[in-house]
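Please read the structure below before turning to the comments.
Order of listing sets the numbers, starting from 1, for every ligand and every atom in it. For the numbers below, each heavy atom of this structure counts, side chains included, while hydrogens, waters and symmetry mates do not.
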Amino acid sequence: MTSPWTIGIIGGSGLYALEGLEDEQWIAIDTPWGKPSDEILCGRVGDVRVRFLPRHGRGHPIPPTEVNARANIDALKRAGCTDIIAISAVGSLREEIEPGRFAVVEQFIDRTKERVDSFYGKGFVAHVSMADPVCERLSKKLTDAIAAAKGKMATGATYLAMEGPQFSTRAESRMYRQWGADVIGMTALPEARLAREAELPYALVGMVTDYDCWREGDAVDVTQVVEQMQSNSKLARDVVTNFLKKLPKKRAASPIDTALDDAIITAPDQHDPKLLAKLDAVAGRLLKAE
Ligand SMILES: CSC[C@H]1O[C@H](OP(=O)(O)O)[C@H](O)[C@@H]1O
Ligand SMILES: Nc1ncnc2[nH]cnc12
């Protein structure tokens with residue numbers, strides 16, 4: 001029997017492929033929102049289908065501001081994903097969340113400023129809830145997978161998404177601590193928002209690569225981030241494998257699967273056919289009825 005789960009995995013800095021997938025094949029998927037960051041690595045772990053996408057592309061040619069998150073989420077939806085887990089390099093804003101630890105993210109603060117962050121708009125207005133921006137069920141399974149891999153972890157983390165590409169100033173970094181943020185990165189928004197708009201349960205694990213510059217004497221650099229990612233990459237792969245292998249045979253419906261039901265406000269006679277055509281994948285479940 002095939003599994004009801006098709007898991008999209010978005011790999012961040014330092015995670016550009018997944019080894020050991022069965023029947024693996026890189027497949028190009030185009031979308032009405034443009035090209036995703038790369039081809040999608042499709043394969044299986046046991047009977048669970050996996051769709052892996054490197055967020056910055058193989059070789060890391062794409063900076064955070066240029067990541068086409070709409071194309072990435074749309075492509076994963078077109079590739080049949082039922083759920084998405086994302087992995088990101090993050091800086092730590094807390095002494096107790098030291099480099100090498102995994103941070104399971106629960107909340108976001110948005111300081112991005114140059115990104116398109118919705119599939120919807122004029123002619124098809126939708127307001128999804130972002131009160132609980134990650135899928136609790138996926139986060140719990142990731143927590144179990146990290147524990148099984150004997151990784152150190154912090155749960156319930158708040159991720160501050162900054163625009164980049166420069167790292168923060170010390171004043172900004174100290175302010176984010178006061179705001180209650182625990183980890184910092186440049187990519188999980190609008191990704192998480194768009195996943196919700198596409199009715200895809202989404203969870204995020206941050207791999208802590210550095211203390212951000214709030215800490216006396218610390219200043220982030222890319223070499224440090226990459227070295228930390230490399231030294232943790234085996235553990236990260238173990239986490240992903242544990243997660244996939246432990247998925248139950250059945251997939252109970254998630255409220256996120258139908259997040260658009262209470263979100264669309266535009267009257268059908270006001271729908272813009274051009275926008276509807278672009279929404280064929282992300283809002284396909286509802287548009288079939290039109
Ligand atoms: C290479 S350091 C900064 C870079 O790393 C993080 O990427 P990702 O979230 O995709 O793992 C951060 O957000 C920046 O894009
Ligand atoms: N300190 C930091 N700030 C922003 N993005 C990061 N990615 C990894 N470390 C980071």
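Taking only non-hydrogen atoms, the option from V67, T187, I184 nearest to atom 9 (O) of ligand 1 is T187.
Per-residue contacts place R55 under 4.0 angstrom from the following atoms of ligand 1 (heavy atoms of the residue considered): 8 (P), 9 (O), 10 (O), 11 (O). Shown in contact with G185 at under 4.0 Å from a heavy atom are these atoms of ligand 1, numbered in order with element: 13 (O). Atoms of ligand 2 found under 4.0 Å from any heavy atom of T209 (numbered from 1 in listed order, with element): 8 (C), 9 (N). Atoms of ligand 1 found under 4.0 Å from any heavy atom of G12 (numbered from 1 in listed order, with element): 8 (P), 10 (O), 11 (O).
Proximity of M186 to ligand 1, defined as any heavy-atom pair under 4.0 Å, is shared by backbone and side chain alike.
The CD1 atom of I73 sits 12.0 Å away from atom CZ of R196, with the distance rounded to the nearest 0.5 Å. Here CD1 of I40 is found 8.5 Å from CD1 of I27. Values are rounded to the nearest 0.5 Å.
Residue G91 has at least one N or O atom closer than 3.5 Å to an N or O atom of ligand 2. In terms of polar-atom proximity, H56 is counted as a contact of ligand 1, with an N or O under 3.5 Å from an N or O of the ligand. Here's the thing with V225: none of its N/O atoms is less than 3.5 angstrom from an N/O atom of ligand 1. Backbone and side-chain nitrogen or oxygen atoms of S88 are examined, and one is located within less than 3.5 angstrom of a nitrogen or oxygen of ligand 1.
Ranking the protein heavy atoms by distance from atom 6 (C) of ligand 2 puts I184 O, 3.7 Å first. Residue, atom and distance of the protein heavy atom nearest to atom 9 (N) of ligand 2 are D210 OD1, 2.7 Å. Closest to atom 6 (C) of ligand 1 among all protein heavy atoms lies S13 OG, 3.4 Å. Scanning all protein heavy atoms for the shortest distance to atom 5 (N) of ligand 2 gives G185 CA, 3.5 Å. When only non-hydrogen protein atoms are considered, atom 7 (N) of ligand 2 lies nearest to A89 O, 3.4 Å.
In this structure, W33 has its ring center closer than 6.0 angstrom to the ring center of F119.
In this structure, a donor-acceptor pair under 3.5 Å is absent between the side chains of E136 and S139. Judged by distance alone, the side chains of R111 and Y176 do bring a donor and an acceptor atom under 3.5 Å apart. Donor-acceptor pairing under 3.5 Å is recorded for the side chains of T65 and E163. Judged by distance alone, the side chains of S118 and E197 do bring a donor and an acceptor atom under 3.5 Å apart.
By the 6.0 Å and 45° rule, R174 does not stack over the aromatic ring of W214.
For the pair L53/L41, no side-chain contact is recorded, criterion being any heavy-atom separation below 4.5 Å from C-beta on.
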